[in-house]
Amino acid sequence: MEDRVLGLHHITAIAGNAQRNYDFYTKILGQRLVKKTVNFDDPKTYHFYFGDEIGSPGTILTFFPWEGVRQGRNGAGMATDIGYAVPEGSLEFWEERFKEFKVETGRLGERFGELYLPFQDYDGLNLELIVPNKEDSRKPWETEDLKAAVATRGFHNVTLTLRNVQPTADILTDVFGYKFLKQESNRYRFITDAVENAAIVDILEVPQAVAGINAGGTNHHIAFRVKDDAVLMDYREKVLSRGLQITSKIDRDYFFSLYFREPGGVLFEIATENPGFAIDESVDHLGSGLKLPKQYEGYRLEIEQGLPSLNQ
Ligand code: ZN
């Protein structure tokens, strides 16, 4: 089992104002900021990681907040929706809460027998709260407002919008070990039995979809989880053998990564469980300090002065 892809690891999206992004995910949605660092390729920008208490794989939503970023557009070749699992009976609570905080919501719906509530963060990123058919037993991060009866459990699924389901479906099934579960109108559901949760990828097939524009309020990439570096490198070979390009192994301090663009255009990452977010802060203090990769530690003062201030 352990040499398989273990569902989702994290999802990364683009935001505008850093404080607004922090407030939305911690205060309104009740996530924990488990790491405050910088974009390793652009240290003038924060990189926030939101998740459960320890930033368990399958709970982590990360952002690059770029002040004044232009608005992106969802479309073909992108992850266009992120689904969080919530407990049965909690959606009415969330509808009220979103009303109170002026969060844009869509109508309550049902698909694959699961109730869901669509909503958008303040940058226009599409999200959903979903009541899974099978209760999600992960331990939630709780806040003063959001106790276990309503708190999110981590990801349930992610939705990709593609012009053609098949090439991407082949990667999910032949390379990542997912199985096609079922189809509902133009939505195709794929699931892995390697993990209990964060195990679903949905593909919306929209042949006429215009290409997405990756900027504010859209997803940048989705990362799948593997146990360790050895498994990671096995997957590198598997992706290469499909004739696709893939990066070398990259050290992201909290995991090791590979990136490749799947044939439908979505940027896929494969990321390891090791070493995790407690490598440079204790679990109690996760997210409290600005953490820099070692190549930037010598520039800490300049980097701190260049970043927007953040009230936590
Ligand atoms: Zn990533």
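When a ligand or atom number is given, it counts from 1 through the structure's own listing order. Since the structure is predicted, the reported quantities are computational estimates derived from the model, not experimental observations.
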Query raised in the report: Strictly under 2.8 Å, is any N, O or S atom of His10 next to the Zn ion (ligand 1)?
Result: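 So His10 counts as coordinating the Zn ion (ligand 1), yes.
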
Report task. Check whether any N, O or S atom of His9, backbone or side chain, sits closer than 2.8 Å to the Zn ion (ligand 1). Result -> no

Report summary line: Between His156 and the options Ile130, Leu129, Asp136, Val86, the side-chain contact (heavy atoms from CB on, under 4.5 Å) test singles out Ile130

Query raised in the report: Which of the N/O/S atoms in Glu269 sits closest to the Zn ion (ligand 1)?
Result: OE1

Query - Separation of Ile246 CD1 from Lys238 NZ (nearest 0.5 Å) - result: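 Lys238 NZ to Ile246 CD1: 11.5 Å, rounded to 0.5 Å.
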
Report task. May I have the step-by-step check of salt bridge (Lys or Arg N to Asp or Glu O under 4.0 Å) for Glu262 and Arg242, ending in yes or no? Result -> CA-CA 10 Å; Glu262 58 81 27; Arg242 307 281 302 196; over 6 Å; no

Report summary line: Test ring pair (Phe, Tyr, Trp, His ring centres under 6.0 Å), reference Phe24, set Tyr122, Phe50, Phe101, output is Tyr122

